[in-house]
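Note that these values count all heavy atoms, side chains included, but never hydrogens, waters or copies made by symmetry. Each ligand, and each atom within it, is numbered from 1 in the order the structure gives.
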Amino acid sequence: MPGAASSPSVGAESNPFLQMQARFAKAADLLGLDQGFQRILARPAHELTVAIPVQMDDGSLRVFTGYRVQHSIARGPAKGGIRFAPDVHLDEVRALAAWMTWKCAVVNVPFGGGKGGVICDPRRLSQGELERLTRRYAANLLEIIGPERDVPAPDMNTNEQVMAWFMDTYSMHRRMTQTAIVTGKPIGLGGSQGRRIATGLGVALATREALTYVGHQGPARIVVQGSGNVGGLGALLLHDRFGHKVVAISDIYGGIHNEKGLDMPQVLDWLAEKRSLEGFPDADRVSNEELLELPCDVLVPAATENQITSQNAARIQARVIVEGANGPTSAEADRILEEKGVFVVPDILANAGGVTVSYFEWVQDRMGYFWEEEDVCERLERIMVKAFRDVVEAAERYATSPRIGAYCVAVDRVAYCLRLRGIYA
Ligand code: GLU
């Protein structure tokens, strides 16, 4: 397939877009997908780069770079988060946009895939600077976003407040309140019950399904990399609602480990107060690299891309990996883990709880009628369980890994829509 990296070299291993393409190419070949469709889906449909001028608090003017990539709208409006990070780059946003296409298709919600990124360090911005940056970025995207076109959401370093500013900016330009323009908004401003915990709950449900699938009985020892919206809340739910033992967890500075299990509510309270896990009592300090290699039943990488690579995959001791983050494992590492018999619940399934409840939020906004948390969680559970089954069935049918099984499910569903719609040439 042109432009695809079927066997990534060392440089390619750290490029998320090439990593995405390698998996896509594998699934497309297994499906026998037409070469023309492969060429269409291997690259994003639409990319926009914008300059974002911001007046800083000290009076100076800075210009930030922002992106919005729409990978596919074959199944519906583009959908996907916005990340604010100092090192975010276009190939990363392209990969993340494509992963959204596949993720929405795996859980069968009627969206395509998109992603946004702004190169900035939000920890170094004041609240006012962050607001001005968000609003100007939103204004710069006006032509390509909309409830029926492209619906952003939170991602790394963006939150409900950022979504509220984004929604307000769009609404002010359109001279009406348009809540369905973004998801992940605060409750009371068009947000959905259950959205905050949705990704973590999806990860916990995927873990439950995976443990049953591999025949694990009783409480599991779980290691979680990351303690934000996905890792932190996922670990809390795995501990509180699902009765597992979280033996290690980390933040960007490093991790804490206790073989007897961590008291997750206490860990999250500590983190909320001190903004770091450092100094947490009754636990050993481990680095983020060491954490991944700890003995455990389930490893949940829920931080960022490229954590499990050809460099460390052989040393992973977990029996099951549940990918809370997008793209935490490289295609080279996939092969090593497969040989070791590790069961990997791939990102496009494991972390799809967030976008599933985003879909519920969008539906509720458009209806103007809001559901109770119980309804949201029940519907999410049904969708996650069905998606898990679809993925393992595809993996069995094509005699491949759950990751490529998930891509097969997704690519087949997207190609179906593409085929029916045609290319309008
Ligand atoms: N940023 C989340 C993800 O990567 C959520 C996207 C959304 O809800 O649109 O899945």
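In the vicinity of Gly80, heavy-atom distances shorter than 4.0 Å reach the ligand 1 atoms 9 (O). Near Asp155, meaning under 4.0 Å from one of its heavy atoms, ligand 1 places the atoms 1 (N), 2 (C), 4 (O). For ligand 1, the atoms lying closer than 4.0 Å to a non-hydrogen atom of Lys115 are 1 (N), 3 (C), 4 (O). Those atoms of ligand 1 with a heavy atom of Met100 less than 4.0 angstrom away are 3 (C), 4 (O), 6 (C), 10 (O). Close contacts of ligand 1 with Arg195, meaning ligand atoms under 4.0 Å from a residue heavy atom, involve 5 (C), 8 (O).
Arg195 and Ser358 are linked by a side-chain donor-acceptor pair at a separation below 3.5 angstrom, with hydrogens and angles left out of the test. Judged by distance alone, the side chains of Asn288 and Ser250 do bring a donor and an acceptor atom under 3.5 Å apart.
Taking both residues in full, the closest heavy atoms of Leu33 and Ala415 are given as CD1-CB, 3.6 Å, listed atom of the first, atom of the second, then distance. Scanning all heavy atoms of the two residues, the minimum distance from Glu92 to Pro16 falls at CA-CG, 4.0 Å.
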Donor-acceptor list for residues 342-354 side chains, cut-off 3.5 Å, not counting sequence neighbours:
{"residue": "Asp347", "atom": "OD2", "partner": "Gly327", "partner atom": "N", "Å": "2.7"}
{"residue": "Asn351", "atom": "OD1", "partner": "Lys103", "partner atom": "NZ", "Å": "2.8"}
{"residue": "Asn351", "atom": "ND2", "partner": "Gly324", "partner atom": "O", "Å": "3.1"}
{"residue": "Asn351", "atom": "ND2", "partner": "Ala325", "partner atom": "O", "Å": "3.1"}
{"residue": "Asn351", "atom": "ND2", "partner": "Asn326", "partner atom": "OD1", "Å": "2.9"}

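In this structure, the separation between CD on Gln70 and CD1 on Ile145 is 9.5 Å, given to the nearest 0.5 Å. Atom CE of Met367 sits about 11.0 Å away from atom CH2 of Trp362, to the nearest 0.5 Å. Taking CE of Met172 as the start and OG1 of Thr177 as the end, the distance is 8.5 Å to the nearest 0.5 Å.
Counting heavy atoms closer than 4.0 Å to ligand 1, residue Arg83 contributes nothing at all. Residue-level proximity to ligand 1 for Leu96 is absent, since no heavy atom of it falls below 4.0 angstrom. Neither the backbone nor the side chain of Pro152 has any atom closer than 4.0 Å to an atom of ligand 1 (non-hydrogen atoms only).
Both the sub-6.0 Å distance and the 45° axial angle are not jointly satisfied by Arg23 relative to the ring of Trp102.
Among protein heavy atoms, atom 8 (O) of ligand 1 sits closest to Ser358 OG, 2.5 Å. Of the protein's non-hydrogen atoms, the one nearest atom 3 (C) of ligand 1 is Lys103 NZ, 3.3 Å. Protein heavy atom nearest atom 9 (O) of ligand 1, with residue, atom name and distance: Lys79 NZ, 2.8 Å.
For Ala153, no nitrogen or oxygen atom sits less than 3.5 Å from a nitrogen or oxygen atom of ligand 1, counting backbone and side chain alike.
Between Gly184 and ligand 1 there is no heavy-atom distance shorter than 4.0 Å.
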